[in-house]
Amino acid sequence: MTENTSMDLTTLENWLWEAACVIRGAVDAPKYKDYILPLIFLKRLSDVFEDEITRLAEEVFDTAEEAMAQVEEDHSLVRFYIPLQSRWEAISRQTTNIGEYLTDAVRAVARENPKLQGIFEHIDFNAQMAGQPVIDNDRLYNLIQVLSRHRLGLKDVEADILGRAYEYLLRKFAEGQGQSAGEFYTPREVTWLMAYLLEPQPGDEIYDPACGSGGLLIKSVLAFKEAYGDDPRIAPVKIYGQEILYTTFAMAKMNAFIHDLEADIRLGDTMARPAFTNPDGSLRTFDKVTANPMWNQKFPLSLYEEDPYDRFKFGGIPPASSADWGWVQHMFASLKENGKMAVVLDTGSISRGSGNQGSNRERDIRKVFVEKDLIECVILLPENMFYNTTAPGIIMVINKAKKHPGEILLINASKMFTKGRPKNYMDDEHIKKVYSLYREWREEEGLSKIIPVEEAARNDYNLSPSRYVSTNGKEDYRPIEEILVELAEIEEERQAVDKELNEILTKLGFGGWLNG
């Protein structure tokens, strides 16, 4: 029997995690989310549908039966129409062939509601492995019975509480997913800090080209509401995202809905085929852009050289060994005239190549951004916060309308964390402290330093906060991953020089010398 109680966050989190644990052992931890998250989403849809029928019975029609009959005739009377077979009451009664039934149920919902298309189409609760269901009938039955204990209707749980519980589950799933967790989850404290740094304004359009499960976009809206409240006279912000992985794209759409937010999330490869374009084929631009793209991705040089959107002309083409500055260039090309962006990158992205003899593609791109006075702030994060790496990472803010022209704020927040298991985390006080340094634009011993762009140039465009702000007086050693990426770029440059020299030698009649 359903308990009709209004839940607090802890109760809700514990209940949902208990449901996830029902299928432990039957499926690898990374797959939990593919089963549990869509079911929570479906239950929310079904319970809210019931609430809307009740509201219509109280406000418009005489009875619930009449309200339901009218809704069956006119689906537009409710926000989302849930077919009879897909309502939780029908689902909870199933005892056999549950996997097949659930798959049909979620796809029926998608057919009836165009706004939900893209969420359910590829979900298969009846998936087989070696001729056997991945999750057997009994486990699915028990999962549904656990989820049936509480309602997720409008009066049972507030959207923000349910949204936070959903984010909690995403974090828990990330803990079990290891290296691939970064494909869908950015730590909560990083998303909040990024949202504060963006400082969303009324009417802003905010875009994430590698949106994962949507955390950065959602926190941007919540930070806006925190600053401006829910006054209907204030223009809301709008959020847009693109994600390359189907299951992650579906999570982002579900996550936005669970938070009761409208979001335009599209599926596809942003670097090869940006989804947001103008009628003339050019890139659409936004007021704010935010992202935590996969670090040091490898793309063929042809992707940059043959780009039809002119994204990679600003400072030159990135190396094939790391797309960090390729993502920055895409984000920058997606910014409106006075726009601002915040991006999470590998620490090496703001120092690689500095001090080297000769050219270095990443350093050369950094140089252009510094000389054009576009880099506003760089923040060094603590180590072991991200689920797919122990490396610390940095946040870089690029602003086309800097409040302090000619200056760059460098914040070394590497020691601002609480030790956790399995990951370290920043407390709310840490987040507020870092943001206050940015907002007030001030130096603090051992934490922040304001430098003129000329000083960055003298340091060969090395923007690593640890170079300018020492936290312990000890020498900082570069991570081995950073050195390996730089070596790969040096090798790439060597091969390019060899190719050019070979062409010259061939013209002189000495072809093939460098090929051994």
Side-chain angles (χ1 to χ4, degrees), residues 2-24 29 32-33 35-48 50-51 88 143-177 181 184-196 212-227 229-230 239 251-261 263 385 387 417-418 420-432:
T2 298
E3 299 170 13
N4 201 2
T5 57
S6 182
M7 285 178 287
D8 59 23
L9 180 61
T10 301
T11 302
L12 185 59
E13 286 178 346
N14 291 340
W15 167 53
L16 295 181
W17 184 242
E18 180 189 350
C21 289
V22 168
I23 58 174
R24 291 179 86 168
Y32 291 173
K33 65 183 186 303
Y35 292 88
I36 187 74
L37 295 178
L39 282 179
I40 295 167
F41 183 62
L42 178 61
K43 189 168 197 311
R44 172 69 167 184
L45 287 175
S46 181
D47 290 348
V48 170
E50 283 185 6
D51 290 344
W88 198 260
L143 173 60
I144 290 167
Q145 298 315 305
V146 172
L147 285 176
S148 298
R149 289 182 196 163
H150 295 281
R151 293 191 83 252
L152 294 177
L154 297 172
K155 295 179 180 179
D156 306 297
V157 57
E158 296 174 11
D160 62 331
I161 295 292
L162 182 57
R164 287 169 66 187
Y166 210 72
E167 294 273 342
Y168 159 83
L169 280 183
L170 286 170
R171 175 174 64 80
K172 295 289 281 186
F173 294 133
E175 289 174 2
Q177 191 137 356
F184 72 87
Y185 187 77
T186 300
R188 169 191 170 277
E189 53 270 40
V190 177
T191 59
W192 272 113
L193 181 52
M194 297 272 278
Y196 290 140
S213 53
L216 287 168
L217 291 172
I218 289 166
K219 294 302 189 301
S220 296
V221 178
L222 297 179
F224 171 77
K225 290 184 175 181
E226 200 175 275
D230 287 314
I239 53 177
M251 276 195 289
K253 295 194 73 164
M254 285 188 279
N255 201 7
F257 179 89
I258 287 286
H259 281 84
D260 200 25
L261 301 176
M385 284 180 59
Y387 285 94
F417 68 92
T418 297
R421 296 181 64 184
K423 291 292 173 178
N424 299 332
Y425 60 93
M426 298 176 77
D427 291 317
D428 289 346
E429 291 73 21
H430 296 141
I431 298 169
K432 290 173 183 175

Before you tell me yes or no, could you show the steps for Arg188 and Asp428 under salt bridge (Lys or Arg N to Asp or Glu O under 4.0 Å), namely the whole-Å CA-CA distance, both residues' side-chain angles and the distance that decides it to 0.1 Å? CA-CA 10 Å; Arg188 169 191 170 277; Asp428 289 346; 3.6 Å; yes

Hey, which of Tyr166, Tyr35, Phe257 is the one that makes ring pair (Phe, Tyr, Trp, His ring centres under 6.0 Å) with Phe41? Phe257

Are [X] and [Y] side-chain neighbours, meaning at least one heavy-atom pair lies under 4.5 Å?
{"X": "Val157", "Y": "Arg44", "value": "yes"}
{"X": "Glu18", "Y": "Val146", "value": "yes"}
{"X": "Lys155", "Y": "Asp51", "value": "no"}
{"X": "Leu37", "Y": "Leu169", "value": "yes"}
{"X": "Leu147", "Y": "Ile40", "value": "yes"}
{"X": "Lys172", "Y": "Glu13", "value": "no"}

Short side-chain to backbone donor-acceptor contact, Trp192 and Pro187, under 3.5 Å: no

At their closest point, which heavy atom of [X] faces which heavy atom of [Y], and how far apart are they?
{"X": "Glu189", "Y": "Met426", "result": "OE2-N, 3.1 Å"}
{"X": "Ser148", "Y": "Ile144", "result": "OG-O, 2.7 Å"}
{"X": "Leu9", "Y": "Ala165", "result": "CD1-N, 3.8 Å"}
{"X": "Asp260", "Y": "Ala159", "result": "CB-CB, 3.7 Å"}
{"X": "Ala19", "Y": "Ile36", "result": "CB-CD1, 3.7 Å"}
{"X": "Ala252", "Y": "Gly212", "result": "CB-O, 3.3 Å"}

Look up atom [atom1] in [X] and atom [atom2] in [Y], then write down how far apart they are to the nearest 0.5 Å.
{"X": "Leu39", "Y": "Ser46", "atom1": "CG", "atom2": "OG", "answer": "11.5 Å"}
{"X": "Leu261", "Y": "Ile239", "atom1": "CG", "atom2": "CD1", "answer": "5.5 Å"}
{"X": "Met7", "Y": "Trp15", "atom1": "CE", "atom2": "CH2", "answer": "5.0 Å"}
{"X": "Phe224", "Y": "Asp230", "atom1": "CZ", "atom2": "CG", "answer": "9.0 Å"}
{"X": "Leu162", "Y": "Ile258", "atom1": "CG", "atom2": "CD1", "answer": "4.5 Å"}
{"X": "Asp160", "Y": "Glu167", "atom1": "CG", "atom2": "CD", "answer": "12.0 Å"}

When you look at Leu217 and Asn255, which way does the side chain to side chain contact (heavy atoms under 4.5 Å, CB included) test go after all the steps? CA-CA 10 Å; Leu217 291 172; Asn255 201 7; over 6 Å; no

Taking only residues two or more places apart in sequence, or in another chain, which ones meet Arg164 in a salt bridge (Lys or Arg N to Asp or Glu O under 4.0 Å)? none

Regarding Asp427 and Thr418, do their side chains bring together a donor and an acceptor under 3.5 Å, going by distance alone? yes

Which residues pass the side-chain hydrogen bond (donor to acceptor under 3.5 Å, both in side chains) test with His430, sequence neighbours left out? none

Residue list, side-chain hydrogen bond (donor to acceptor under 3.5 Å, both in side chains) with Glu50, at least two apart or on another chain: Arg151

Classify the ring geometry between Phe173 and Trp17 as parallel (under 30°), tilted (30 to 60°) or perpendicular (over 60°). tilted

Any carboxylate oxygen within less than 4.0 angstrom of a Lys/Arg side-chain nitrogen, looking at Asp47 and Lys43? yes

Side chain to side chain donor-acceptor pair (under 3.5 Å) test vs Tyr196 passes for just one of Glu226, Lys219, Lys432, namely Glu226

